[in-house]
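Convention: sequence-line order gives letters A, B, ...; per-chain numbering from 1.
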Amino acid sequence: MKYDHRQLEKKWQDRWDAEHAFEAKNDYTKPKYYTLVEFPYPSGQGLHIGHPRPYTALDIVSRKKRMQGYNVLFPMGWDAFGLPTENYAIKHKIHPATVTKNNVKRFKEQLKSIGFSFDWSREINTTDPSYYKWTQWIFLQLYKHGLAYKKEMTVNFCTSCKVVLANEEVVNGVCERCGSEVVRKVKSQWMLKITDYAQRLIDDLADLDFIERVKTQEINWIGRSEGAEIVFSSTAGDGIQVFTTRADTLFGATYLVMSPEHKLIEKWADCISNIDEVREYQKNAAKKSDFERTELAKDKTGVKLEGVSAINPANGKTIPIYISDYVLSTYGTGAIMAVPAHDTRDYEFAKKFGLPIIEVVAGGDISEEAFTDVATGTLINSGFLNGKSVEEAKKAMIDWLEENGLGNRKINYKLRDWIFSRQRYWGEPVPMVYCEKCGWVPIPEEELPLELPNIEAYEPTDNGESPLSKCEDWVNTVCPKCGGPAKRETDTMPNWAGSSWYFLSYCDPHNADALASKEALDYWMPVDWYNGGMEHVTLHLLYSRFWAKFLYDIGVLSCPEPYLKRTAHGMILGENGEKMSKSKGNVINPDDIVAEFGADTLRLYEMFVGDFEKSAPWSPQSIRGCRRFVERVFSLTDIVSGEGITPELEQDFHRTVKKVTSDIDGMKFNTAIAQLMTLLNKIFEVGRLTKNELETYISLLCPFAPHICEEMWEQLGHSNLLSLSAWPSYDDSLTISETVEYVLQINGKLKSKIKLPAGTDEASAIEAALKDEKIADFTEGKQIVKKIFVPGKIINFVVR
RNA sequence: GCGGGUAUGGCGGAAUUGGCAGACGCGCUAGAUUCAGGUUCUAGUGGGGGCAACUUCGUGGAGGUUCAAGUCCUCUUACCCGCACCA
């Protein structure tokens, strides 16, 4: 029979739709399995060839779990708010909502053409008011619990997108999206207090089944560090608080450095004799972006505060105070104690400004460089700390500081609060109004959703305000609290908002009274397996864990973590091994591949190409091999004969069922396919197989290449769907051979092989091995020093 | 600089976790089928040596542990990813 993938794949996709085959049942008595893939941003380019890789992988997992009897939730939706859509809309004068609708339509067709078993009845769209109603509702809860606040701050502003960016969205000093210059601007922003959750976001990783690199990246991003805050008194009166992780080196602190933005400087203006020079430095520092301050200005600069000095609390010595932009105002206390002998940055600064370098930890050569090794050093020149190790000295010093009221233990995090405002149109409106009398007032929950007004001009304004600010009808409102005139917040939420809780919406997507019913959430959550890209680990993954924890705290969710298991896929690279991009001309369109080879072949290829977690180059040659495999499978029907089992194949079948089953669970899709190919080769070698065996074979292959398997299932006389039939089982005892081939070695080198019955004991195995001709040749006249017997594997003779 | 990762034939990649290196696929070679191209089928395919049975070398590099190392230990090189003056 001819294999016509176009006709065949369409037929089964329609059939699955018509029968609602993959809709998750709200039958809360069945065992559930929730598989989740990151929902795409429906861009104008359409589906990328990389999208199907993770989707196919979790489709395989979902299909197998379904066949194993689980109630599977494998949903899909659209993360549709965002800048590219807005920019496209501005350029082509089409409303973003229309652009989104068109893009979604195309994406959906593309996804359907690949045969994913998504539950389309639960499709969601973050730009749908019935969806973002709950995004806004969560924001209001955060506000009511003191976790959303407004703050004047210097922010990163993209000169091209005309929008404030989160720190995470600035890459190498330029806008992550458009690559334009990023400058610093002072703006009043909504902030979310993710820092309150920093410790829990670290601690709770411990029990989760996340791949290790995801855990370490999150932990590093949160950046916990333990140390102490120490107060240095000053000649200006105010104490200067510094944060340090090396309290043990306090005796070696020979100066202080404050960030240029430090608040005490203005307060001390009268005492500082070179205040003009200081202000000049501050001005220059303010002009620099974070990028310039870090990347481009490695060379240390600074100004000494003349007329003010500090006292080292450990030894009472008077030490100078500097300002320098190598000290960040946003971390710790914005001031440091400088210990040039044991910190490379302080060392560099001290060398440049001719400041004293006092060694307090012996073990290095401080005439050459700072000695920073904490494992081997011993304290010297440090009074009561002398002779102690670094760890002992840290503890002793902090104890002493605490006893004398000079300092205390302190834990700092690199994680900053989440800047939640965007001055753009195509996002969720922030449901807050500003009243001159009452300040910021949340809009009543029953007024949600606060819909995005349908305006004509969504171009960004030149002054950095949101396009919504021009929409006066919408902006001017009444205060929900006092009824007086008030103005709506015109900033919208960042595109990370909608994706921070979408996995909850899938549990019960059509609920008008709650973001999802409690029963649905209790049943489906947490997500059992979530796969996504490594690029989302420090943003989306962290943000959504934060929101889930908050919702857990206020009783909406019953689980403190949203995802039990997190894995990450590798990219599909261009043929030349480089990242696919239009400019490099190495982009592959999935539509073309589906048209030429079929969805089954594309799915198999993307799974077979290599380790799922590693990136792999696209190969137009290799995909032919997968197509050949599909065609060979299809021709199996021609050699079906009889019932029961084919003895030559029995063991191979049991082994294959075992391996494919465990490989899917272990994300080793490539070796599962290899195993199915090996079995196929064996079947053709034998030349026949029974109907039952063919049914087993296509059941195993069904998650990978569902269309062709459904077709063959039908040809074998079944009227039901293979996708909803039972997963094959195997008998472990039948995967083990009756005879075992032993490798015979002399001095660790392969010399011969013999077959022995399984379970042969050591003595008889060695006896049999010694009778082997080649072994006899090699051992003749020599002394056997040692005999090594590894059951079922190897017999090795060490001879002299 | 810190953190994480990778390195195996011409190519993509396997290797039950210390036990036959190169499964499976691509490509290539030869033959068959075909008017021909493609397809399909059969055989072969890590390097060196040998007509051959066989032999020797071989998992980025250098050492080491072991009867046995792609796998463990020490050092080292290259590349990729993340963070980056975080005190």
Could you state the [atom1]-[atom2] distance from [X] to [N], rounded to the nearest angstrom?
| X | N | atom1 | atom2 | result |
| --- | --- | --- | --- | --- |
| A:Asn681 | B:A14 | CG | C1' | 15 Å |
| A:Tyr605 | B:G12 | OH | P | 11 Å |
| A:Glu631 | B:U39 | CD | P | 11 Å |
| A:Lys351 | B:C85 | NZ | C1' | 19 Å |
| A:Asp325 | B:C85 | CG | C1' | 9 Å |

Taking the C1' atom of each, how far is B:G13 from B:G25, in whole Å? 9 Å
Say you pick atom C1' in B:G18 and the same atom in B:C83; how far apart are they, in whole Å? 36 Å
Ring geometry between A:Tyr543 and A:Trp418 (parallel below 30°, tilted from 30 to 60°, perpendicular above 60°): parallel
Parallel, tilted or perpendicular, as decided by the 30° and 60° cut-offs, for the rings of A:Phe789 and A:Tyr742: parallel
Are A:Arg53 and A:Glu38 ion-paired here, with the side-chain N under 4.0 Å from a carboxylate O? no
With sugar-phosphate meaning primed atoms plus P, OP1 and OP2, does A:Asn670 contact a base, only sugar-phosphate, or nothing at under 4.0 Å between heavy atoms? sugar-phosphate
A:Arg628 vs B:G27: side-chain N/O to OP1/OP2 distance below 4.0 Å: yes
